[in-house]
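Keep in mind that this is a model prediction, so the values were computed, not measured.
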Amino acid sequence: MTANEYYELGNRYRKEGNWQMAINNYLEAIALDPQSPAVEAKQMLDDILNFYNKDCYNP
C-alpha cells in the first residue's frame with residue numbers, strides 16, 4: 001500500500017471512532033512518506049487523546 005492509501009484508511013477509522021487503528025495507519029503512512037498529511041492527522045489525534053480526561057467523564 002502507498003502512504004496515501006494508509007492515510008485514507010486512517011481517516012476512515014478515525015471517522016468510525018476507532019482511533020487506535022487510525023493512529024496505526026497514520027504511522028504506516030508516515031513511515032513511507034515523512035511529508036504525508038498523516039503527520040498532521042496523527043498530531044490531531046494525539047492532542048485529542050491527551051486532552052481527554054476520563055476522571056471528568058461521567059455518563
Review point. Using a distance-only test with no angle check, is there a side-chain donor-acceptor pair under 3.5 angstrom linking N24 and Y6?
Key: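 No - no donor-acceptor pair under 3.5 Å links their side chains.
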Working to the nearest 0.5 angstrom, can you tell me the gap between [X] [atom1] and [Y] [atom2]?
| X | Y | atom1 | atom2 | result |
| --- | --- | --- | --- | --- |
| N25 | E8 | CG | CD | 11.0 Å |
| N11 | Y26 | CG | OH | 3.5 Å |
| L45 | I23 | CG | CD1 | 5.0 Å |

Practice item. Check whether any side-chain heavy atom of N18 lies under 4.5 Å from a side-chain heavy atom of R12, and answer yes or no. Key: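 No, every pair of side-chain atoms sits at 4.5 Å or beyond.
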same_hphob_cluster([X], [Y]) at 4.5 Å side-chain heavy-atom cutoff:
| X | Y | value |
| --- | --- | --- |
| M21 | I48 | no |
| L9 | L32 | yes |
| M44 | Y7 | yes |

Practice item. Under the side chain to side chain donor-acceptor pair (under 3.5 Å) rule, collect the residues that match up with Q43, sequence neighbours excluded. Key: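 Side chain to side chain donor-acceptor pair (under 3.5 Å) list for Q43, sorted by chain: D47.
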Could you go through residues 34-42 and list every donor-acceptor pair under 3.5 Å that involves a side-chain atom there, pairing it with any protein atom two or more places apart or in another chain?
residue : atom : partner : partner atom : Å
S36     : OG   : A38     : N            : 3.0
K42     : NZ   : D46     : OD1          : 3.4
K42     : NZ   : D46     : OD2          : 2.6

Practice item. Sort and list the pairs that fulfil salt bridge (Lys or Arg N to Asp or Glu O under 4.0 Å) and have at least one residue in residues 14-30, not counting sequence neighbours. Key: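 As it turns out, there is no salt bridge (Lys or Arg N to Asp or Glu O under 4.0 Å) pair with a partner in residues 14-30 once direct neighbours are skipped.
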